[in-house]
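For the numbers below, each heavy atom of this structure counts, side chains included, while hydrogens, waters and symmetry mates do not. All residue numbers in this chain count up from 1 along the given sequence.
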Amino acid sequence: MRIRLKRVYEEAADEDGYRALVDRIWPRGVAKDKAKLDAWLKELAPSNELRRWFGHDRERWAEFSAAYRAELDETDGQLLEALREHARHEGLTLLFAARDTEHNNAVVLADYLEGDDE
């Protein structure tokens with residue numbers, strides 16, 4: 001399984017494979033026609049309540065990760081499996097807008113997808 005993480009502001013690359021934006025809110029300054037996305041998966045982003053509570057505060061990272069995983073447990077299993085299939089066959093790049101590349105929802109989602117791989 002090959003999952004990459006990339007800020008949506010970075011250039012698309014051939015090795016990205018399937019490109020999915022996993023933020024609930026469209027990123028500032030990115031034109032939709034230039035984003036080169038295969039999908040915008042708002043439904044896999046953290047809930048508005050969780051996103052606002054976290055506020056990219058590193059001290060809340062562990063709690064955020066656990067709460068977001070609980071939300072992912074309640075999402076569409078077919079959608080998650082489709083992402084795993086993309087990761088297995090053509091590669092998957094999860095796109096996010098956050099400046100912090102180590103503490104964001106895409107990090108948690110990638111770990112979730114890899115951890116549940118059978």
Side-chain angles (χ1 to χ4, degrees):
M1 183 176 308
R2 186 175 58 114
I3 300 176
R4 293 171 163 246
L5 301 176
K6 197 175 209 182
R7 289 192 77 215
V8 69
Y9 302 101
E10 296 176 44
E11 289 290 321
D14 291 338
E15 62 270 10
D16 286 349
Y18 188 84
R19 292 171 48 89
L21 177 63
V22 293
D23 286 345
R24 189 166 297 276
I25 298 171
W26 188 261
R28 289 182 191 161
V30 177
K32 289 186 180 180
D33 60 333
K34 303 216 186 234
K36 297 184 181 172
L37 299 180
D38 292 299
W40 179 17
L41 304 175
K42 294 182 267 192
E43 60 273 27
L44 290 183
S47 65
N48 284 325
E49 296 79 15
L50 181 57
R51 179 182 56 79
R52 286 187 194 113
W53 173 83
F54 175 47
H56 297 284
D57 180 346
R58 287 183 178 203
E59 291 184 17
R60 294 180 173 178
W61 175 245
E63 262 186 281
F64 168 78
S65 296
Y68 181 36
R69 284 177 159 279
E71 287 185 355
L72 289 170
D73 285 342
E74 301 299 318
T75 62
D76 183 352
Q78 290 179 336
L79 182 54
L80 294 169
E81 187 53 36
L83 289 179
R84 289 186 188 101
E85 285 299 311
H86 287 296
R88 286 185 197 108
H89 299 290
E90 71 211 70
L92 170 65
T93 298
L94 299 177
L95 301 168
F96 60 94
R99 289 185 186 136
D100 187 337
T101 60
E102 297 175 19
H103 302 92
N104 64 68
N105 61 295
V107 171
V108 177
L109 179 56
D111 185 61
Y112 186 90
L113 291 169
E114 290 170 343
D116 289 354
D117 189 33
E118 297 176 17

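Here E114 contributes atom CD and L92 contributes atom CG; the two are 9.5 Å apart, rounded to the nearest 0.5 Å. The line from CE of M1 to CD of E85 is 8.5 Å long, rounded to the nearest 0.5 Å. Taking CZ of R52 as the reference point, atom CG of L50 lies at 11.0 Å (rounded to 0.5 Å).
Side-chain contact of E71 with S47: a donor-acceptor pair under 3.5 Å is present, judged by distance alone.
Remark: side-chain polar atoms of R4 are not paired, donor with acceptor, to backbone N or O of L94 under 3.5 angstrom. Between the side chain of D111 and the backbone N or O of V107, no donor-acceptor pair lies under 3.5 Å. For the pair R7 (side chain) and F96 (backbone), a donor-acceptor distance under 3.5 Å is absent. In terms of modelled atom types and a separation under 3.5 Å, the side chain of K6 and the main chain of E11 share a donor-acceptor contact. Under the 3.5 Å distance criterion, the side-chain polar atoms of R24 are left unmatched by any main-chain donor or acceptor of E43. Distance alone, capped at 3.5 Å, places no donor-acceptor pair between the R19 side chain and the L95 backbone. No donor-acceptor pair under 3.5 Å is formed between the side chain of D100 and the backbone N or O of H56. One N or O on the side chain of W40 and one on the backbone of D23 form a donor-acceptor pair closer than 3.5 Å.
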Evaluate side chain to side chain contact (heavy atoms under 4.5 Å, CB included) for L113 paired with L80, printing each intermediate quantity in order.
-> CA-CA 7 Å; L113 291 169; L80 294 169; 4.0 Å; yes
Run the salt bridge (charged side-chain N to carboxylate O under 4.0 Å, His left out) check on R60 and E63 step by step: do they pass?
-> CA-CA 5 Å; R60 294 180 173 178; E63 262 186 281; over 6 Å; no
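Between L44 and D76, the closest side-chain pair of non-hydrogen atoms is not below 4.5 Å. The side-chain heavy atoms of T93 and I3, taken from C-beta on, include no pair separated by under 4.5 Å. Contact check for L21 versus P27: side-chain heavy atoms found under the 4.5 Å cut-off.
By the 30° and 60° cut-offs, the orientation of the rings of H86 relative to Y18 is parallel. By the 30° and 60° cut-offs, the orientation of the rings of Y68 relative to F64 is parallel.
The local environment of CD in E59 is sparse, with at most 12 non-hydrogen atoms from other residues, nucleotides or ligands closer than 6.0 Å.
Minimum heavy-atom separation, N104 to A98: CB-CB, 3.9 Å. Between A20 and L41, the closest heavy-atom pair is CB-CD1, 3.8 Å. Of all the heavy atoms in A110 and L5, the pair that sits closest is CB-CD2, 3.8 Å. Shown here for R69 and Y112, the closest heavy-atom pair between the two residues is NH1-CD1, 3.3 Å. In plain terms, the two heavy atoms of E15 and R2 that are nearest each other are O-NH1, 2.7 Å. Across all their heavy atoms, V22 and N105 have their closest contact at O-ND2, 2.7 Å.
A salt bridge links E81 with R84: the closest approach of a Lys/Arg side-chain nitrogen to an acidic carboxylate oxygen falls below 4.0 angstrom.
Both L109 and W53 are members of a single hydrophobic cluster when ILVMFWY side chains are connected at heavy-atom separations under 4.5 Å.
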